[in-house]
Amino acid sequence: MQNYSLGDWQSIDQQKVAWIQQHLIQWYEKNHRQLPWRERKNPYDIWISEVMLQQTRVETVISYFLNFMNKFPNIEILAQADEEEVLKAWEGLGYYSRARNIHRGAKMIVSDYNGQIPHTMEEIQKIPGIGPYTAGAVLSIAYGKPVPAVDGNVMRVFSRLFYIVEDIGEGRTRKEMEKLGEIMVSHRNPSFFNQGLMELGALICTPTSPKCIACPVYQQCSARKEGVQGTLPIKKKKNKTKTVELEVGFVWEKDRFLITKRPSEGLLANLWALPAVEREENEQRGKSITLELKNTYGIEAGQGNFLFEKKHIFTHLKWRIMVYAFYVPIQPLIDYPEIQWITWDEVREYAFPIAFMKVIKAFKKTDR
């Protein structure tokens with residue numbers, strides 16, 4: 001059984017390619033999930049859904065997509081919106097740079113492309129946040145262009161179909177997989193072929209315990225024939241996640257509490273949060289946030305009352321969030337637009353990351 005190395009794609013049997021194309025498209029036609037962005041071949045719908053689906057499960061995305069489309073039904077309305085509105089509609093999806101890029105992209109499409117998403121690979125990748133995969137998805141699904149759309153799911157399928165033992169975490173492997181995608185993509189029906197690959201990776205050719213017996217192309221799967229489908233694809237383990245202890249201050253006065261906007265660069269940039277600071281190593285617990293409130297916000301509220309701990313995991317970072325309550329009987333006046341006192345009803349007007357929404361919801365349930 002042949003296994004392929006980088007650059008071997010030209011030697012692939014074209015009859016095998018044609019067979020896979022035919023059977024995958026037929027399977028997709030009969031078995032694909034009914035998803036809201038598949039109702040129309042609208043490039044705007046495809047663009048927004050594909051960006052939302054990055055790092056996020058389909059089941060989670062559906063409600064966010066419908067809500068987003070209700071607020072911003074077309075590119076022009078999205079381009080005219082305030083960034084705060086866009087971030088609020090994105091709240092809970094995480095990876096907020098995606099939302100900022102969508103907003104910037106909409107402005108660019110309106111100003112430079114007369115409101116029409118470009119339909120060439122060169123032009124569409126000029127839009128912020130659109131890389132080769134998203135470009136391929138939009139062009140093939142919405143415009144019927146025979147271009148590949150290769151993401152992690154598709155690389156897993158390719159690794160097994162062609163018994164590829166290269167590390168898919170490497171940039172050069174991704175580039176070669178994109179070349180393989182160019183060979184594999186159907187010119188007759190690129191939309192269904194690419195969506196079929198995506199669907200196959202999501203439902204059948206899963207990371208663990210692939211459902212080979214239900215696979216429409218299992219007869220041509222080299223890894224299955226060798227019995228190694230469970231060991232592919234090859235991907236080296238990531239570096240260990242760094243753990244940081246974050247002290248958070250919940251400063252409240254009667255029915256209001258203090259929020260602050262995070263810096264314009266770095267983690268969770270430009271989102272609203274509670275006052276927070278990394279605890280200094282060997283520092284007494286609770287002291288770092290007490291000093292942060294005094295030095296940054298001018299609030300001397302004494303030692304905070306420890307309430308609870310929450311955990312939140314990012315891609316390469318884990319927060320241990322230690323929450324301290326600081327009650328101030330008289331609301332200090334802070335004349336700075338990026339620091340606000342808000343009521344519970346006003347929470348819905350500000351875009352908070354999940355990590356801080358966890359804290360806000362948990363605090364609301366306490367006896368204070």
Partners passing side-chain contact (heavy atoms from CB on, under 4.5 Å) against [X] (at least two apart in sequence or in another chain):
X    : result
K30  : none
A355 : H312, W319, I321
A202 : R33, N153
E83  : L87, R100, H103, N270

In the structure I gave you, are the side-chain heavy atoms of [X] and [Y] within less than 4.5 Å of one another anywhere?
X    : Y    : answer
P353 : M357 : no
L258 : W252 : no
V217 : H23  : yes
M177 : E166 : no
L271 : F352 : no
W27  : Q22  : no
E292 : Y297 : yes

Residues which pass ring pair (Phe, Tyr, Trp, His ring centres under 6.0 Å) with [X], listed by chain and number, not counting sequence neighbours:
X    : result
W341 : none
Y350 : W272
F257 : F250, W344

I'd like to know if the side chain of [X] and the backbone of [Y] have a donor-acceptor N/O pair within less than 3.5 Å.
X    : Y    : value
R156 : P233 : no
N295 : L291 : yes
Y324 : V251 : no
R279 : E283 : yes
N114 : I109 : no
T231 : V228 : yes
E278 : E247 : no
S222 : L161 : yes
E346 : T343 : yes
K88  : R348 : yes

Do [X] and [Y] meet the criterion of a side-chain donor-acceptor pair at a distance under 3.5 Å?
X    : Y    : answer
E123 : Y113 : yes
S191 : Q195 : yes
E245 : S288 : no

d(M198 CE, Y28 OH) to nearest 0.5 Å is 8.5 Å

When rounded to the nearest 0.5 Å, the distance separating CZ of F308 from NZ of K358 is 11.5 Å

So the salt bridge (Lys or Arg N to Asp or Glu O under 4.0 Å) pairs with at least one residue in residues 104-122 (sequence neighbours excluded) are none

inquiry  = Show me the pairs that pass salt bridge (Lys or Arg N to Asp or Glu O under 4.0 Å) and involve residues 47-68, at least two apart or across chains.
reply    =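 Output for this query lists R57-E59.
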
For E309, the salt bridge (charged side-chain N to carboxylate O under 4.0 Å, His left out) test, sequence neighbours excluded, returns K311, R320

Report, as yes or no, whether the 6.0 Å neighbourhood of atom [atom1] on [X] holds more than 12 heavy atoms from other residues, nucleotides or ligands.
X    : atom1 : answer
H119 : NE2   : no
Q116 : CD    : no
E300 : CD    : no

For residues 73-81, dump all side-chain donor-acceptor pairs below 3.5 Å to protein atoms at least two apart in sequence or in another chain.
{"residue": "N74", "atom": "OD1", "partner": "E76", "partner atom": "N", "Å": "3.1"}
{"residue": "N74", "atom": "OD1", "partner": "I77", "partner atom": "N", "Å": "2.9"}

N/O donor to acceptor pairs below 3.5 angstrom from side-chain atoms of residues 207-214, sequence neighbours left out:
{"residue": "K211", "atom": "NZ", "partner": "L203", "partner atom": "O", "Å": "3.3"}

Should M184 and Y218 be counted in the same cluster of Ile, Leu, Val, Met, Phe, Trp and Tyr side chains packed under 4.5 Å apart? no

